[in-house]
Amino acid sequence: MKRQILLGESDLTELAVRPITCQYYLLIRTLLPPLNYESYGIGIVISQTGEREEIWDITTRSERIEELANRLICGGVTPCALRDVVEEWL
């Protein structure tokens, strides 16, 4: 089963020539028996355009994905940079 939870938003309008708001989502995949665990990922969507990037199954540790999400939100990471930031973080 997959689900997503909105974690926060970042207004990047001051850094661009047009309004840009990024929404950050926690992506959760629940694996059923016999595995019985949750895997976490991150998704970013630009509200104004719908541009989206998702990376599933980054970690199984909730505290690690929270740390990554906070970095992404505070840094104003956009969908096109998500993969590079996650690869460096790993």
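The residues of the chain are indexed from 1 along the displayed sequence.
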Do [Y] and [X] meet the salt-bridge criterion of a basic N to acidic O distance under 4.0 Å?
X	Y	value
Arg61	Glu38	no
Arg83	Glu87	no
Arg52	Glu54	yes

Using side-chain contact (heavy atoms from CB on, under 4.5 Å), reason through Ile28 and Gln4 one step at a time and then give a plain yes or no.
CA-CA 6 Å; Ile28 305 168; Gln4 63 181 20; over 6 Å; no
Please check if [X] and [Y] belong to a single hydrophobic cluster, counting links between Ile, Leu, Val, Met, Phe, Trp and Tyr side chain heavy atoms closer than 4.5 Å.
X	Y	answer
Ile46	Tyr25	no
Ile20	Ile73	no
Ile55	Leu72	yes
Ile5	Leu31	no
Leu82	Val45	no

Spacing of Met1 atom CE and Leu32 atom CG [to the nearest 0.5 Å]:
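The CG atom of Leu32 is 7.5 Å from CE of Met1, to the nearest 0.5 Å.
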What distance separates Cys22 SG from Glu51 CD, expressed to the nearest 0.5 Å?
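These two atoms lie 8.0 Å from each other.
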For Thr78 and Ile44, which heavy atoms make the closest approach, and how far apart are they?
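What the structure gives for the nearest pair is O-CD1, 4.0 Å.
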Contact check, side chains of Ser39 and Thr59, non-hydrogen atoms, under 4.5 Å
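No, their side chains stay 4.5 Å or more apart.
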Side-chain heavy atoms of Trp89 within contact of Ile58, under 4.5 Å:
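Trp89 reaches Ile58 side chain to side chain.
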Tyr24 side chain to Val77 backbone, donor-acceptor under 3.5 Å:
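Yes, Tyr24 side chain to Val77 backbone: donor-acceptor pair under 3.5 Å.
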Would a distance-only check, ignoring hydrogens and angles, find a side-chain to backbone donor-acceptor pair under 3.5 Å from Thr21 to Asp11?
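It does not hold such a pair.
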Please walk me through it: do Ile42 and Leu27 pass side-chain contact (heavy atoms from CB on, under 4.5 Å)?
CA-CA 5 Å; Ile42 293 287; Leu27 307 175; 5.6 Å; no
Is it the case that Arg3 and Thr30 place a side-chain donor and acceptor less than 3.5 Å from each other?
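Note: Arg3 and Thr30 side chains meet the donor-acceptor criterion.
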Residues Arg64, Tyr40; criterion side-chain contact (heavy atoms from CB on, under 4.5 Å); working and verdict
CA-CA 9 Å; Arg64 292 281 289 154; Tyr40 304 102; over 6 Å; no
Might you confirm whether atom CD of Glu63 has over 12 heavy atoms from other residues, nucleotides or ligands at distances under 6.0 Å?
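Yes, enclosed.
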